Each structure stands twice: as C-alpha cells, then as structure tokens.
Amino acid sequence: MTIRTKRSPQARHPTASAAGPDGPATAPITTNQGVPIADNQTSLKAGPQGPLLLEDFILREKLTHFDHERIPERVVHARGSAAHGYFECEADLRALTRAAPFAGAGKRTPVFVRFSTVAGERGSSDTVRDVRGFAVKFYTEEGNWDLVGNNMPVFFIQDAMKFPDLVHAVRPEPHHGMPQASSAHDTFWDFVSLMPESTHMLCWLMSDRAIPRSYRMMQGFGVHTFRLVNAAGEARMCKFHWTPRAGVHSLVWDEAVKLAGADPDFHRRDLWEAIEAGCFPEWELGLQVFSDAEAADWPFDVLDPTKLIPEELCPLRRVGRLVLHRNPDNFFAETEQVAFCTAHVVPGIDFSEDPLLAGRHHSYLDTQLSRLGGPNFHELPVNAPRLPPVNNQRDGIQRQMVPQGRVAYEPNSLAGGCPFQAGGAGFATWPAPLPDARKLREKPARFAEHHAQARLFLASLDPAEQAHVEEAFRFELARVTVPAIRARVVARLRHVDDGMARRLAAALGMDLPQPAEGDAAGAPNYPHSPRLSQTAYPGDGSVATRKVAILVADGVEGRALPGLAKTLAAAGAVPRVVAPRLGSISLAGKRSLVADASADASPPVLFDAVLLPADPVSLGVLAGLAWVRDFVREHHRHGKTLGLLAGEGQDPALLLGRLGIAPAAALAGVALLGPGDGDTFLRLLSRHRHPDREPPPG
Ligand code: HDE
C-alpha cells in the first residue's frame, strides 16, 4: 500500500549523461583528468603507518573538489524544489501577443519550474509561514522567458529601494542569527509597522496562503503588471495567474509547526513523489488583460505591486495549462543552478513601469554573477536556451562554448556581416509613452492608499480563514518583545478590521492604541471579491496522492481493511497501514496484515485522513493505545477526514468518545463506514478539510 512509482517517460535533458540513472555500469572510476584510479579507498603513504605523501594527486584532487562543492546560496528564496514540464497553449492568442508560447492551440513549450520559501536558508524547513516563490522558465524557440512570481498576488513594498531593508528585517537578526525562516520576531515587525504600504501583504502573509498543503495546491501570480505586444506592435496590459487543478489547500498552523520537525522536506517530498507516481501537478494559466484607459479609471494604480486587480473589475481569461511531468536528474545541477531573471523576456512580452519590477531586472542578473561565479551561467544546461545563442560575446570565467574564426565584432565584412541583426523579427521594446519625464524621487498619487485592499481581502475570506489570520497575527505579535512595535501594528490594523484589532490588543494584554495615521482622503470601497478566498478553489475533486493512515494493532478485526484500501488506491489515494511496529500484524481470526509504517516514525501530521476499525473488538484494542488516541484526536482537531469502520446503527460520537474525543465535538467529516463504503470516505477526503470542526479561536 505504498505510493506507486513510475518513472515518467518523457525524454531527459539532452545533456544528461548517457549512463543509467545510477551511473555507468562498467566504466572504471577516474580522476577529473580521466586517469583510471586503482585504489579509491586508501591514500598514498610512506609505509603503512604514514605520513601521507604530498604527491598523492588523486587524494588532493578529490579533497579539493569536495572542499569547493558548495556555491553561495540564494540571498532570498534559498530553499526550493523544482521540476520539468511543459506549458500547453489552449487558444491562438496571436491577436494579443506574438510571444512564442501563445502561438496556437495545442502548442507546447518546455518549462522548468522552481518553488521556494523566501526567508529561510537552504536547509530550512518547508512548512514555515512564508511567501512561496513560483518561478517558471519557458524555453521558447525565441529564447527563454522567465515569469518569476509568488503564490500571493501582491508584495510588501512599492519600490526596489526598500528590498534590501525588507530582507534584512525578515532574515535572522544579525547579532545572534535567530530566528530561522520566520517573520515572528522584532526586526520584521519593526520594519513593516513603519511601512504602511506593507499592510495588504501582511494580511496575505498571516493567511492560510502562507502555509500551503503542497506546492501542487497553491496559486501563482506574476504580481507586477506586464505588457503583451502583438506582431502589429499593439500593446495591452496584463497580469498572470496560475490556478492549481488540485485546488488551493493549506495546512493549519499546528500541523505546519509539527511538520517542520516530522518532515522538514514535506513539500519537496510531496512534489517529488507525486511526479514519480505519474500524478503530474497541473495549473491553468489565466490572464487579466486590460487597456491603459481601463486602468486609469480604477481606484488604484496598476503599477503599484501592493495592489491586485479584483476579478470583478477584470475577469480572468484561461489560456493554457502548465504540467510538471519530470523530476530533475540532479538537484544541484538543475534546481540549485537554475538562474531566473525578470529581464528574461521574449518578443511579445514587455514590462510595465512598475518601479519594483525595474529594480528586479538589475538584481537577478547581478546576483547570478556572485552565486554562479561569472557571466557564463547561461551555458549551464538548465539555463541554456533551446537554440544556442549567437553573438560576439566572448570569454569570461568557465566559458564552455568554443567559438570559431577570428571575427568577434559587428559590423564586419570578414564574416560576411554575420551574425546580423534580426530587425523586425527581433525583440523591440514597446514605445511606452512617458507622461511625466522629469527626473525625480516621488511616487504616483494613487500609491499612497494602503488599507482598502487589505480590508477587501480580509472581508472576502470565509470565517475559518479570517480566524486563522487573527490567530497568526496573535502568534507573531506575541513573539515580538518590544511593546511599542506591537502597538504600532495593532494601530495600523484598526484601519483594516477594527474588531480584529481590538481582540488582538486584548489578547496581547495592551491598551487599545489610537488608529495609525490614516490614508489619503477618498480611500476606495470595494465590493467583496469571493475569488480572494481559497474556498473558491476546491479543486477537481480528485483524491490522488492523498495519504490515508489505516490504524491497526495486534488483535483488531481487520477483515474489511484490504478491500477498503483497494478502493482508496484505485481512486489514486495512498493508503498506509500504521501499526505499533513494522512487519506482520496478527489480526483477529488468524488473519494478518503487513504494516507499511510504524507509529513512532509516522506521526499524524504526515497524513490527510485516518481510517480505523471501530467494531467492539477492534475499539477494545485501539482505544487502549495512547498513540491511537493521540492520532485520532489530532486528526479531529486539524479538521481532517476520519473514517470509523463499524457496524450499522452505531453512534460516531460514542465511538469517538472511547478514543478520548469530547461527546459534544463537531462531527463534520467523520464517516461511519461499512465494508463497502469507501466512496463516502473518498468524497469527504476530496474536501481536504472540515473547518467547522476546528476549535474556536483562542
Ligand atoms: Fe525576488 N529575488 N526580488 N521577488 N525572487 C531573487 O534572485 C529581488 C520580488 C522571486 O527560484 C534573487 O536568483 C529584488 C518579487 C522568486 O531561483 C534576487 C526585488 C517577487 C525568486 C531577488 C525582488 C519575487 C526570487 C535571489 C525587489 C514576486 C526565486 C536569487 C525589487 C513577483 C527564483 C536570485 C528562483 C529571487 C531580488 C522582489 C520573486 C536577490 C531586488 C516582487 C520566486 O535577485
């Protein structure tokens, strides 16, 4: 009952070694100079007792290479996981853009996608509260296009000038290097409490979007406004949205915290296993396309990255799908060395004048110079465009290309003028009119309003999501040690949700502060936007890859279990028999069952649902085991699906009572099952979670 493993059939990267996945079968081990090594176990010594000899070039080469194995990690987004796949266009969008991936229905463009957390170091945990990166490299036939986005549609700051300050504030505090991968500390809240423009993003960061269940179950956003340009040179503004087919689902905070210990690689493993099992993650690409004139009428500035465009103002148009079907061959060579850059665009895609975006164009190229060691990182296989670059750039550290001939300049006559300019076929910047061309350090007037969309976001969430936001603010602010910082945050939140601000002040034991200095006059009032709630994205109802723990112990009545497990597996779920130990478990009636997982190594947070035999014999055994009671209680508290396999006419509240759950506890998502009732269980499982069972806030 383990996860199926089926290596996906798609071709490997062309530069992958011709050897099998676990290395060459027959070739002898060699040095990096290709010299066969006779003995890879012992270094060269003067006599068996040494000393070692300096002339041991084999040892020295091996150690030297090892000593230099690490490259600098990314200054942000250091922790990430990635996969190969393709983007498939679903409509001919040539009227809108000449960008190659959109040239016709059915057209496929290869992609490499890297998901990441932002604040933590390379070895930090996956399930921390954080923004997630969602970076897509499209290998088009007109060069590489990188759409380097996040799983939230807005950002903390409006101007690139503030990015190093934001990152310094959220990173571990420099004197003692704590805390790792967490915004719950003084310097982060000090900074954001003094930056009213961060208010909207803070509400997203405190929401469930910051603790996704899986990379496969989160949205992606280009965040900035971009431009699409067609072959006639006509431009329209555009925002990019990725929507996961599996739905948008999150962990609850208690799970996220426990998972950080139980499996720090939870999201990496989830992505890897899903792809290995042939259950390929998929997203729809949606565009919000609009004109400059429409944008001028909206109450916010589309160049302000702290604002989104409600879908009520500009609906999403679905244009294609992204499928990830192949895991990387090598984590370092691909996931670590991939280099994204917002300035990597292709003809048909152009920038807007968003000031944050402009700063990014500089920063991404610049950071690769120190991270990947020089200007030739585009030659690394994962970064190389599908058609080799042709130009007169030469040399530099670690150059791989071997150019021929003596001409490395243009214009030239000695090489017949080649390579020549592409003219109309090449990238041409759209000649955006610049209405105010004076040089100055100033922001547009509409950038000054910071609260209306934060109000919109919170008001559009459902009650369980709203409660989670409040709990997250309470947790993070309780970790802040300086009372004045807490007060500044609560003072700001009074503009967003005064009720929440008042409850936070009470919970944090402080007097209610006066509202912070408000917005510019005439702050807009938006109608609710239901698509901002993640409940608007339940997914396609599939339970594929969802893990179900089946709890057993010696002596339980397990006759119906193999049949139920089969039904779950047939639907794509992953049933795992969890028992006090691995190996054969003796069931009642001289039956036996093999356990896949032992209770001590497989805590409840690793599973999406739990199923247990609850007939009198089995319950007699299981209710007496502390680990079973803890397992069930935790699943109940986290709102996950719970299946009780018992005869007809039983009262689920009484059965749960035997397992230590209060008789008055809510029963949503608790299924009383007979042997053939797998479908009922699957229906509940497909809903991911049953929030009405969560305990009230506080
Ligand atoms: Fe980034 N960002 N960023 N960022 N960012 C990096 O580039 C930067 C911003 C995002 O999987 C770095 O190669 C500046 C917004 C992702 O490799 C660095 C500014 C958004 C990734 C950098 C921003 C992002 C990065 C670190 C403000 C969402 C990971 C390593 C002007 C739309 C890409 C690297 C990957 C990575 C700079 C703001 C998303 C330092 C200066 C807004 C997904 O160059």
Side-chain angles (χ1 to χ4, degrees), residues 71-84 111-122 126 130-137 144-171 195 197-198 200-201 204-205 209-210 215 218-226 238-242 267-268 271 303-308 324 328 331-344 351-373 377-378 380 382-383:
I71 59 172
E73 66 174 34
R74 289 167 173 83
V75 57
V76 281
H77 295 264
R79 167 100 192 149
S81 304
H84 293 272
V111 297
F112 188 70
V113 180
R114 182 174 182 270
F115 306 106
S116 48
T117 53
V118 180
E121 292 167 7
R122 189 153 53 193
D126 278 343
D130 201 351
V131 186
R132 298 299 186 287
F134 192 129
V136 183
K137 189 180 282 293
N144 290 351
W145 169 34
D146 295 348
L147 184 56
V148 197
N150 279 344
N151 75 328
M152 299 175 192
V154 288
F155 201 63
F156 295 95
I157 51 169
Q158 297 173 317
D159 192 304
M161 189 71 115
K162 299 312 298 166
F163 190 69
D165 298 291
L166 167 70
V167 174
H168 288 171
V170 72
R171 297 281 293 185
M195 294 286 292
E197 70 202 47
S198 65
H200 185 193
M201 180 64 166
W204 283 84
L205 184 66
R209 300 305 217 288
Y215 289 138
M218 60 184 205
Q219 292 157 289
F221 301 91
V223 176
H224 312 278
T225 294
F226 290 85
C238 167
K239 293 253 190 201
F240 296 101
H241 295 240
W242 298 109
H267 287 153
R268 180 173 294 177
L271 180 67
L303 303 183
D304 174 356
T306 67
K307 307 292 188 319
L308 49 81
L324 299 182
F331 185 88
F332 178 81
E334 300 179 275
T335 309
E336 198 59 19
Q337 294 200 115
V338 65
F340 293 95
C341 178
T342 52
H344 294 166
F351 315 121
S352 70
E353 289 71 47
D354 178 336
L356 195 68
L357 180 59
R360 295 181 72 197
H361 300 331
H362 161 75
S363 202
Y364 288 69
L365 176 57
D366 189 39
T367 204
Q368 313 308 349
L369 298 181
S370 59
R371 196 170 74 81
L372 297 171
F377 60 87
H378 62 277
L380 295 167
V382 71
N383 296 322

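We count residues from 1, following the sequence as given. Atoms within a ligand are numbered from 1 in the order they appear, just like the ligands themselves. In this text the structure is predicted, and so the values were computed from the model without any measurement.
Minimum heavy-atom separation, S370 to P72: O-CG, 3.7 Å.
Contact annotation for V223 and ligand 1: only side-chain heavy atoms (C-beta onward) come within less than 4.0 Å of the ligand.
Ring to ring, F155 and H224 are not that close: their centroids are 6.0 angstrom or more apart. Outside the 6.0 Å centre-distance limit, the rings of Y364 and F340 are not counted as a close aromatic pair. Aromatic ring centres of F240 and W145 lie closer together than 6.0 Å.
Here the shortest heavy-atom distance to atom 21 (C) of ligand 1, taken over H77, E336, R79, belongs to H77. Here the shortest heavy-atom distance to atom 15 (C) of ligand 1, taken over R114, R360, K137, belongs to R360.
At a cut-off of 2.8 Å, Y364 is counted among the residues with an N, O or S atom near atom 1 (Fe) of ligand 1.
Near G133, the atoms of ligand 1 lying under 4.0 angstrom from a non-hydrogen atom of the residue are 43 (C). Under a 4.0 Å criterion applied to the non-hydrogen atoms of Q368, ligand 1 contributes the atoms 13 (O), 34 (C). Ligand-side atoms of ligand 1 in range of A160: 31 (C), range being under 4.0 angstrom from any heavy atom.
Of the protein's non-hydrogen atoms, the one nearest atom 40 (C) of ligand 1 is V75 CG1, 3.3 Å.
Counting only N and O atoms by type, the side chains of H378 and Q368 include no donor and acceptor under 3.5 Å apart. With 3.5 Å as the limit, one finds a donor-acceptor pair spanning the side chains of D304 and Q158.
At least one heavy atom of G149 sits less than 4.0 Å from an atom of ligand 1.
When the options R132, R268, R79 are evaluated for a side-chain hydrogen bond (donor to acceptor under 3.5 Å, both in side chains) with D126, the one that passes is R79.
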